[in-house]
*Asks:* 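Got a structure for you, written out below as structure tokens; questions coming shortly.
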Amino acid sequence: MGQNWIKATYYRGGTSKGVFFQKKDLPTQDEKELNKIFLKVIGSPDPNGRQLNGMGGGVSSVSKCVIISPSERDDADVDYNFIQIAVDQPIAEWNNNCGNLSGAVGPYAVQEGIIKPKEGENKIRIYQVNTDKIIHSTFNVKDGKPEIEGDYTIAGVYGESSKVRLDYLEPGGSGTGKLLPTGNVVDEIEIDGFGKIKVSVVDAATPLIYIQAEDLGLKGTESPDELDGNVEKMEIIQKIRRKCAFMTGLSKSEHEAPMNTPRIGIVTSPKDYISLDKSNIKGDDQDITARMFSMGKTHKAIMGTAGVNIGVAAAIEGTIPNLIKRKGSNPLELRAGNPSGVMTAGAVIEQVDGRPHAKSAIMYRTFRPLMRGEVLV
């Protein structure tokens, strides 16, 4: 078999890493053929869970590919398509967005010459193809290139970097077409082998199901390893996720639910805990404590789109996050405790015809280009 090399760039965006491609450099636009390429690039499937034969790193947050191209839309500068690659299965899913890698899209477009920037602050308009939404990415440019160094830090990434502001315009209904897919702020559902449990399903930037930790017999401050090791609880969590996928029309049956959507999280009122870097995270420094799950595992921070979602969900009166968050917290700066520290997100919620409407959501990320060249497929 001949050697085929494709131009690519390896980026960190937020707490994720991914292989970025320009659409024009890909040898095909057929999704099935691209899936084969992306699986090969990332090193999946790997039953050992390490992806040593590719660019992945054995966890969902670094098992990702991105396609960027100039946009033909009047309201966007670039199109951004995201592909989540499973670690141990031959699965490439195009049904969601990565909010963390969204933080690298604007800088990538400037770095690679897709967009001609101005000096100082730039706003790049991104069309997020998977969710059919617009994101505005604001960051600084110096000497014609994205400014990488800065003094901003995010939980889960060591060191300081330049800040990227992400404004998600009209983020509601990214996957289901509705901000509240069931029409309710809280639903009570029946789970085989467990019984009844209350959930809030909110679709903002990504469809996400919220459960109060105590309703599952959990504290909500457990580490990712503790949760992943609790096989019984993890299976219940996935049963809830699969049932809600079917209930909201994201799958034809519970058994056919995609791995990547809907996401799911457990939340509790602000509590003290020890973060992954052994820091003492105080309840007083949070408005809500959360643990999120992606691709069947506990996330070590908060997925970017989940960060957007929790800001929106906590601002909608009557949802589980809204009911348990710190009273009097700022809806524009919700502090969400997670295994890596505290993430800040915000949202503007309006009432339209007596129903909540997410006008916008805000999140801050950092980025860093790690390498560029060619990948072998």
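Sequential numbering from 1 along the given sequence is applied to the chain's residues.
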*Asks:* Counting only heavy atoms not in K145 (residues, nucleotides, ligands), do more than 12 fall under 6.0 Å from its NZ?
*Replies:*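 Yes.
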*Asks:* Using a 3.5 Å cut-off and no angle test, enumerate the donor-acceptor pairs between side-chain atoms of residues 122-133 and protein atoms at least two apart in sequence or in another chain.
*Replies:*
unit_1	atom_1	unit_2	atom_2	d
N122	OD1	K118	N	3.0
N122	ND2	K118	O	2.7
N122	ND2	G120	O	3.0
R125	NE	D77	OD1	3.4
R125	NE	D77	OD2	3.4
R125	NH1	D74	O	3.0
R125	NH2	D77	OD1	3.0
Y127	OH	D132	OD1	2.7
Q128	OE1	N130	N	3.2
Q128	OE1	T131	N	2.9
Q128	OE1	T131	OG1	2.8
Q128	NE2	Y80	O	3.3
Q128	NE2	N97	OD1	3.3
Q128	NE2	N130	OD1	2.7
N130	OD1	F82	N	2.8
N130	ND2	N81	OD1	3.1
N130	ND2	F82	O	2.8
N130	ND2	W94	O	2.9
N130	ND2	N96	O	3.4
K133	NZ	E170	O	2.8
K133	NZ	G172	O	2.6

*Asks:* Measure the shortest side-chain to side-chain distance between V186 and V199 over non-hydrogen atoms and say whether it is less than 4.5 angstrom.
*Replies:*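 A side-chain contact under 4.5 Å is absent here.
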*Asks:* Keeping the roles fixed (side chain from S200, backbone from I320), state whether a donor-acceptor pair exists under 3.5 Å.
*Replies:*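 Checking the backbone N and O of I320 against the side chain of S200, a donor-acceptor pair under 3.5 Å is found.
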*Asks:* Could you check whether K243 pairs with E254 (Lys NZ or Arg NE/NH1/NH2 to Asp/Glu carboxylate O, under 4.0 Å)?
*Replies:*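 Judged by the 4.0 Å cut-off on N to carboxylate O distance, K243 and E254 do form a salt bridge.
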*Asks:* Count I, L, V, M, F, W, Y as connected when their side-chain heavy atoms are under 4.5 Å apart, and connections chain through other members. Are I191 and I209 then in the same cluster?
*Replies:*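 Same cluster: I191 reaches I209 through Ile, Leu, Val, Met, Phe, Trp or Tyr contacts under 4.5 Å.
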*Asks:* Mind checking salt bridge (Lys or Arg N to Asp or Glu O under 4.0 Å) for E160 and listing every partner two or more places apart, or none if nothing turns up?
*Replies:* none
*Asks:* Could you tell me which residues satisfy side-chain contact (heavy atoms from CB on, under 4.5 Å) with E149, sequence neighbours excluded, listed by chain and number?
*Replies:* R368
*Asks:* Considering only heavy atoms from C-beta outward, does the side chain of I274 approach that of I281 to under 4.5 Å?
*Replies:* no
*Asks:* Heavy-atom distance under 4.5 Å between the side chains of L180 and V185, does that happen here?
*Replies:*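 Yes - at least one pair of side-chain heavy atoms lies under 4.5 Å apart.
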*Asks:* Test of understanding: with side-chain contact (heavy atoms from CB on, under 4.5 Å), list the residues that count as partners of A336, not counting sequence neighbours.
*Replies:* I288, I302, I310
*Asks:* Go through the steps for I91 and I85 under the test side chain to side chain contact (heavy atoms under 4.5 Å, CB included), then give the verdict.
*Replies:* CA-CA 6 Å; I91 294 174; I85 309 297; over 6 Å; no
*Asks:* Could you tell me whether the side chain of Q238 and the main chain of I236 form a donor-acceptor pair under 3.5 Å?
*Replies:* no
*Asks:* Under 3.5 Å, is there a donor-acceptor pair between the T305 and R263 side chains?
*Replies:*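 Looking only at side-chain atoms, R263 and T305 do form a donor-acceptor pair, the distance falling under 3.5 Å.
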*Asks:* Under a 3.5 Å distance rule, please check whether E333 uses its side chain to pair with a backbone N or O of G346 as donor and acceptor.
*Replies:*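 Side chain of E333 to backbone of G346: no pair is present.
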*Asks:* Would you indicate whether Q29, at its atom CD, is surrounded by more than 12 heavy atoms from other residues, nucleotides or ligands within a distance under 6.0 Å?
*Replies:*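 More than 12 heavy atoms, drawn from other residues, nucleotides or ligands, come within 6.0 Å of this atom.
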*Asks:* Would you say the side chain of I211 lies within less than 4.5 Å of the side chain of I197, judging by non-hydrogen atoms?
*Replies:* yes
*Asks:* Is there a ring pair (Phe, Tyr, Trp, His ring centres under 6.0 Å) between F38 and F21? Walk through the geometry before answering.
*Replies:* CA-CA 10 Å; F38 296 148; F21 299 90; 5.5 Å; yes
*Asks:* Does the distance from a Lys or Arg side-chain N to an Asp or Glu carboxylate O, for E112 and R372, drop under 4.0 Å?
*Replies:* yes
*Asks:* Under 3.5 Å, side chain of N100 to main-chain N/O of T15, donor-acceptor pair present?
*Replies:*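 Yes; judged by distance alone, with no hydrogens or angles, the pair exists.
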*Asks:* Is the distance between the ring centroids of Y11 and Y108 less than 6.0 Å?
*Replies:*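 Yes - the distance between ring centres of Y11 and Y108 falls below the 6.0 Å cut-off.
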*Asks:* Looking at L332, is its backbone amide N or carbonyl O close enough to the side chain of N330 to form a donor-acceptor pair, meaning the two atoms are under 3.5 Å apart?
*Replies:* yes
*Asks:* I'd like to check the side-chain contact (heavy atoms from CB on, under 4.5 Å) partners of D353; sequence neighbours left out, ordered by chain and number.
*Replies:* none
*Asks:* Verify the neighbour count for atom NZ of K271: are there more than 12 heavy atoms of other residues, nucleotides or ligands below 6.0 Å?
*Replies:*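 Yes, because the 6.0 Å sphere around NZ of K271 holds more than 12 heavy atoms from other groups.
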*Asks:* Regarding D228 and T298, do their side chains bring together a donor and an acceptor under 3.5 Å, going by distance alone?
*Replies:*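 The answer is yes; a qualifying pair exists.
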*Asks:* Kindly indicate whether a cation-pi arrangement holds for R291 with Y273, taking the cut-offs as under 6.0 Å to the six-membered ring centre and within 45° of the axis.
*Replies:* yes
*Asks:* Does K325 pair with D287 as a salt bridge, N-O distance under 4.0 Å?
*Replies:*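 Salt bridge between K325 and D287, a charged N being under 4.0 Å from a carboxylate O: no.
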*Asks:* Could you report the tightest heavy-atom contact between R365 and G103, atom names first, then the distance?
*Replies:*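 In this case the closest contact between R365 and G103 is CB-CA, 4.3 Å.
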*Asks:* Does D75 come within less than 4.0 Å of R73, counting only side-chain N to carboxylate O?
*Replies:*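 Result for this pair is yes, salt bridge flagged.
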*Asks:* Can you tell whether the side chains of K359 and E350 come within less than 4.0 Å, N to carboxylate O?
*Replies:*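 Yes.
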*Asks:* Do any N or O atoms from the side chain of K233 and from the backbone of L216 form a donor-acceptor pair under 3.5 angstrom?
*Replies:* yes
*Asks:* Side chains of S44 and Q51: donor-acceptor distance under 3.5 Å anywhere?
*Replies:*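 On atom types as modelled, these side chains qualify, holding a pair under 3.5 Å.
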*Asks:* Indicate yes or no: does D167 engage R165 in a salt bridge with an N to O separation below 4.0 Å.
*Replies:*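 Looking at R165 together with D167, the answer is yes, because their closest N to O distance falls below 4.0 Å.
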*Asks:* For atom CD of E317, decide whether the heavy atoms of other residues, nucleotides or ligands shown that lie under 6.0 angstrom number more than 12.
*Replies:* no
*Asks:* Looking only at atom types and distance, does a side-chain atom of D203 sit under 3.5 Å from a main-chain N or O of P181, one as donor and one as acceptor?
*Replies:*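 Answer holds: no.
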*Asks:* Side chains of K17 and S61 only: does a donor on one sit below 3.5 Å from an acceptor on the other?
*Replies:* no
*Asks:* Give a yes or no on whether the backbone of K300 and the side-chain of S340 come within a donor-acceptor separation of less than 3.5 Å.
*Replies:*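 Yes; judged by distance alone, with no hydrogens or angles, the pair exists.
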*Asks:* Answer yes if the side chains of E214 and T268 hold a donor-acceptor pair under 3.5 Å, and no otherwise.
*Replies:*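 Yes, T268 and E214 have a side-chain donor paired with an acceptor closer than 3.5 Å.
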*Asks:* Would you say S60 and S16 make side-chain contact, with heavy atoms under 4.5 Å?
*Replies:* no
*Asks:* E121 versus T138: any side-chain heavy-atom pair under 4.5 Å?
*Replies:* yes
*Asks:* Check whether S279 reaches the backbone of S275 with its side chain - one donor and one acceptor, N or O, closer than 3.5 Å.
*Replies:*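 No, because the side chain of S279 does not come within donor-acceptor range (under 3.5 Å) of the backbone of S275.
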*Asks:* So with a 6.0 Å cut-off around CG of N184, is the heavy-atom count from everything else above 12?
*Replies:* yes
*Asks:* Verify side chain to side chain contact (heavy atoms under 4.5 Å, CB included) between Q89 and M259, making sure each step is shown before the conclusion.
*Replies:* CA-CA 10 Å; Q89 299 181 54; M259 292 183 68; 3.7 Å; yes
*Asks:* Would a distance-only check, ignoring hydrogens and angles, find a side-chain to backbone donor-acceptor pair under 3.5 Å from N140 to E147?
*Replies:*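 No, because the side chain of N140 does not come within donor-acceptor range (under 3.5 Å) of the backbone of E147.
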*Asks:* Return the minimal non-hydrogen interatomic distance between N309 and P207, and the atom names on each side.
*Replies:* ND2-C, 4.4 Å
*Asks:* Please say whether more than 12 non-hydrogen atoms of neighbouring residues, nucleotides or ligands are located less than 6.0 Å from NZ in K40.
*Replies:* no
*Asks:* Among residues at least two apart in sequence or on other chains, which ones pass side-chain contact (heavy atoms from CB on, under 4.5 Å) with T28?
*Replies:*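 Partners of T28 by the side-chain contact (heavy atoms from CB on, under 4.5 Å) criterion, ordered by chain and then number, come out as D30, E33, L34, I37.
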*Asks:* Does any part of the side chain of F20, heavy atoms only, come nearer than 4.5 Å to the side chain of L101, both counted from C-beta?
*Replies:*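 Counting from C-beta outward, L101 and F20 do come under 4.5 Å.
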*Asks:* Can you give me the closest heavy-atom contact between D285 and V342, atom names plus distance?
*Replies:*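 In this case the closest contact between D285 and V342 is O-CG1, 4.0 Å.
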*Asks:* Can you confirm whether the side chains of R242 and S251 place a donor and an acceptor under 3.5 Å from each other?
*Replies:*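 Not at all, the side chains of R242 and S251 share no donor-acceptor pair under 3.5 Å.
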*Asks:* Just checking K252: does its NZ atom have more than 12 heavy atoms from other residues, nucleotides or ligands closer to it than 6.0 angstrom?
*Replies:* no
*Asks:* Between I68 and D79, is there a side-chain heavy-atom distance shorter than 4.5 Å?
*Replies:*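 A side-chain contact is absent here, since even the closest heavy-atom pair is not under 4.5 Å.
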*Asks:* Rounded to the nearest 0.5 Å, what's the gap from CG on L227 to CZ on F293? Could you check?
*Replies:*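 Interatomic distance, L227 CG to F293 CZ, rounded to 0.5 Å: 5.0 Å.
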